[in-house]
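Throughout, protein chains are lettered first and strands after them, A, B, ... in sequence-line order, and every chain is numbered starting at 1.
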Number of protein chains: 2
Amino acid sequence: MMASVTGTGESVSAASLRRLPSYRQYLKVLQGMGREVVSCSHIGQALKLNPTQVRKDLAVTGIVGRPKVGYETEALIEAIESFLGWNNLNQAFLVGVGSMGTALLGYDQFNHYGLKIVAAFDNNPSLIGQKIHGHEVLSLDKLTDLAARMHVLVGILTVPAQAAQSVANLMIFGGIRAIWNFAPAPIEVPEGMVVQTEDLFSGFAVLSSRLAEVMGIRRKAGVNADANRR
Amino acid sequence: MMASVTGTGESVSAASLRRLPSYRQYLKVLQGMGREVVSCSHIGQALKLNPTQVRKDLAVTGIVGRPKVGYETEALIEAIESFLGWNNLNQAFLVGVGSMGTALLGYDQFNHYGLKIVAAFDNNPSLIGQKIHGHEVLSLDKLTDLAARMHVLVGILTVPAQAAQSVANLMIFGGIRAIWNFAPAPIEVPEGMVVQTEDLFSGFAVLSSRLAEVMGIRRKAGVNADANRR
DNA sequence: TCTATATCGATAAATATATATCGATAAGTT
DNA sequence: AACTTATCGATATATATTTATCGATATAGA
Ligand SMILES: NC(=O)c1ccc[n+]([C@@H]2O[C@H](COP(=O)([O-])OP(=O)(O)OC[C@H]3O[C@@H](n4cnc5c(N)ncnc54)[C@H](O)[C@@H]3O)[C@@H](O)[C@H]2O)c1
Ligand SMILES: NC(=O)c1ccc[n+]([C@@H]2O[C@H](COP(=O)([O-])OP(=O)(O)OC[C@H]3O[C@@H](n4cnc5c(N)ncnc54)[C@H](O)[C@@H]3O)[C@@H](O)[C@H]2O)c1
């Protein structure tokens, strides 16, 4: 479906990438408990994942383990962070200081994810100039210049869906290279840029469907697939 | 494969389920533009998905289309909503009225997703009794009784990771059947319950990795994630 | 009316992802 | 020192998901 970005090298599946943060989270818990080494079987048991899968996922970071023992907890955490680039901070702009934007501005752990929100923007005059969780809200029309001047690479998009593309365009003009998009709308960007769209309700759809299943609610005329054929 | 006779239908792939909300979102845009029919090819082009995949995803809702034409927009929206159970409201409790919890309490579109947050809980005395976005914050120790009394089925978990399991246990005792978990921690629940854990940073890991790629930061391997997908 | 064609619905093929297997090896045990 | 065992790393197999193909059919145009 999608070619490797490097062209020559093998590619890491998005599925593996998405699990890395949960490994790191759990490893930090173990580290806090003073555990110095950990095996894939142990991690797999804790996170309900197949040990082979864990091993394969961790292998992408280049970590090397010891048979009969596992991996050094600290080295593994560092390998994951280094692989994801979370060991040094990227500056980020956030646009849309509403419910979602405010929540993200209030999240005090971004530095653990290699991210530092350095400015917030909105187009609502009554918000501009206010301080939200320590970040002054700036006017949207300052975004492009400021992004270019500060060499900001990451933009966080928390505006309504219908405004998403127009704000994204400002980010693109400002030289931002990666957009973390919380609006449930696809964003068009030029080659060489990254968009990650988070649709919160995609997860909720899974929950809804599974809930309907366990509650025994029939959702479709003829649950039996064969009976449904004409 | 085959649906079981017991009523638990064959389960639809999580991948398909996760795309349904984006179809619905786009269909609503089309509907707002007065478009009465739409084909899989059209949807696929707009959302950058393969038309065959779109067709297969939509088929799970039981919708029937017309060759050469496509599906009726309105019927399709209804089919998706009905399939997900989003056409009638489920009551939900939210626990943890911090940054994230407040954002969710402030989201005014939950009714479009079949969800109505009917009470919010926290264990912080200075929050209890306050009104947040129209929801009074109740003491955590009222949760279990109230959930049972009101037959609440859905719990939204927005507490720190280390508190997640203990709060989940209260939900379980109260008869809640599905937990939408925003804490980056795995939750243990009995058979017959549903947990959907949203790790916001799993998506950010994909972004980080792809950003490192396009910025030419050498790593062990390439990445094959598609920007607007999960 | 007849023909061309876009699209559906079903199925087959291709690709991606997850899991099982197996030899190698480090560390503890006899 | 030899034996046992847990685990790694690599590879093979199994499963899931995505994409291509094909006949059927509704609609538009000749
Ligand atoms: N709040 C949630 O819990 C939640 C949940 C799921 C998805 N989302 C999505 O996140 C996005 C934001 O949601 P929200 O609830 O925070 O909405 P909101 O209405 O509370 O906030 C949106 C903010 O964006 C600003 N804005 C609007 N147009 C703008 C523009 N062109 N330029 C700059 N700023 C602009 C508004 O002034 C407002 O401050 C939406 O796309 C929504 O669908 C939110
Ligand atoms: N805020 C974000 O943007 C964000 C982003 C990603 C993930 N998260 C996750 O969401 C969760 C909440 O994050 P947050 O930023 O809102 O944190 P927060 O500290 O702002 O809020 C947590 C709330 O939970 C309450 N709480 C703590 N222990 C509790 C308990 N045992 N019972 C009931 N209430 C309790 C606290 O009083 C507080 O009000 C965390 O797990 C966090 O990792 C948040």
Side-chain angles (χ1 to χ4, degrees), chain A residues 1-5 10-20 22-23 35-73 75-76 79 202 206 220-222 225-230, chain B residues 1-2 10-20 22-23 35-73 75-76 79 202 206 220-226 228-230:
Chain A
M1 172 240 289
M2 178 136 262
S4 148
V5 175
E10 83 269 27
S11 59
V12 176
S13 75
S16 288
L17 286 175
R18 296 181 66 86
R19 283 185 293 266
L20 290 179
S22 64
Y23 297 135
R35 179 150 188 158
E36 297 196 339
V37 292
V38 61
S39 70
C40 291
S41 353
H42 180 94
I43 295 172
Q45 194 152 30
L47 303 183
K48 291 189 196 126
L49 297 171
N50 182 294
T52 304
Q53 182 172 70
V54 176
R55 191 169 301 119
K56 221 170 156 190
D57 288 342
L58 298 180
V60 308
T61 68
I63 192 81
V64 173
R66 302 215 307 285
K68 189 79 195 277
V69 176
Y71 308 90
E72 285 178 40
T73 314
L76 187 47
S202 69
V206 177
K220 162 179 166 181
D226 287 351
N228 214 22
R229 307 262 144 75
R230 287 166 303 130
Chain B
M1 236 252 233
M2 237 311 257
E10 86 193 57
S11 45
V12 177
S13 79
S16 286
L17 289 174
R18 297 181 68 87
R19 282 186 293 266
L20 290 180
S22 65
Y23 297 136
R35 180 151 188 157
E36 296 196 340
V37 293
V38 61
S39 70
C40 291
S41 353
H42 179 94
I43 295 173
Q45 193 152 30
L47 303 182
K48 292 186 194 129
L49 297 172
N50 181 294
T52 305
Q53 182 171 70
V54 175
R55 191 169 301 119
K56 219 171 158 191
D57 288 341
L58 298 179
V60 307
T61 68
I63 192 81
V64 173
R66 301 213 309 283
K68 190 79 194 276
V69 175
Y71 307 91
E72 284 178 40
T73 314
L76 187 47
S202 69
V206 177
K220 203 176 168 260
V223 170
N224 75 343
D226 186 0
N228 275 310
R229 273 195 265 172
R230 280 150 301 273

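Note: CG (A/L58) to P (D/dG9) measures 9 Å, nearest angstrom. In this structure, A/R18 atom CZ and C/dT17 atom P are separated by 12 Å, rounded to whole Å. Taking atom CG of residue B/L17 and atom P of nucleotide D/dT18, one finds them 11 Å apart after rounding to whole Å.
If you check C/dG9, C/dA18, D/dT27 against the side chain of B/V64, the one that comes closest is C/dG9. Of the candidate nucleotides C/dT25, C/dC8, C/dT17, C/dT17 has the atom nearest to the side chain of A/A15. Comparing D/dT19, C/dA27, D/dA26 by their closest approach to the side chain of B/K68 singles out D/dA26. Closest approach to the B/P67 side chain among C/dG9, C/dT7, D/dC8 is made by C/dT7 (side chain taken as heavy atoms from C-beta onward).
Counting heavy atoms from C-beta outward, A/L47 and A/V54 have side chains that stay 4.5 Å or more apart. Taking the side chain as every heavy atom from C-beta outward, A/Y71 and A/I43 never approach each other to under 4.5 Å.
Along DNA chain D, the nucleotide nearest to A/G65 and the one nearest to B/K56 differ in position, and the one closer to the 5' end is contacted by A/G65.
Between the side chain of A/T61 and the backbone N or O of A/A79, no donor-acceptor pair lies under 3.5 Å.
Non-hydrogen atoms lying under 4.0 Å from DNA chain C are contributed by A/N50, A/T52, A/Q53, all within residues 41-53 of chain A.
In this model, the phosphate group of D/dA16 is not approached by any side-chain N or O of B/S13 to a distance below 4.0 Å at OP1 or OP2. The phosphate of C/dT7 (OP1 or OP2) has no side-chain N or O of B/R66 nearer than 4.0 angstrom. For A/R55, no side-chain nitrogen or oxygen approaches OP1 or OP2 of D/dG9 to under 4.0 Å. Regarding contacts with the backbone of C/dA26, every side-chain N or O of A/Y71 stays at 4.0 angstrom or more from both OP1 and OP2.
In DNA chain D, runs of at least 3 stacked Watson-Crick or G-U pairs (N1-N3 plus N6-O4 or O6-N4, or N1-O2 plus O6-N3, all under 3.5 Å) give these stems: C:1-30 with D:1-30.
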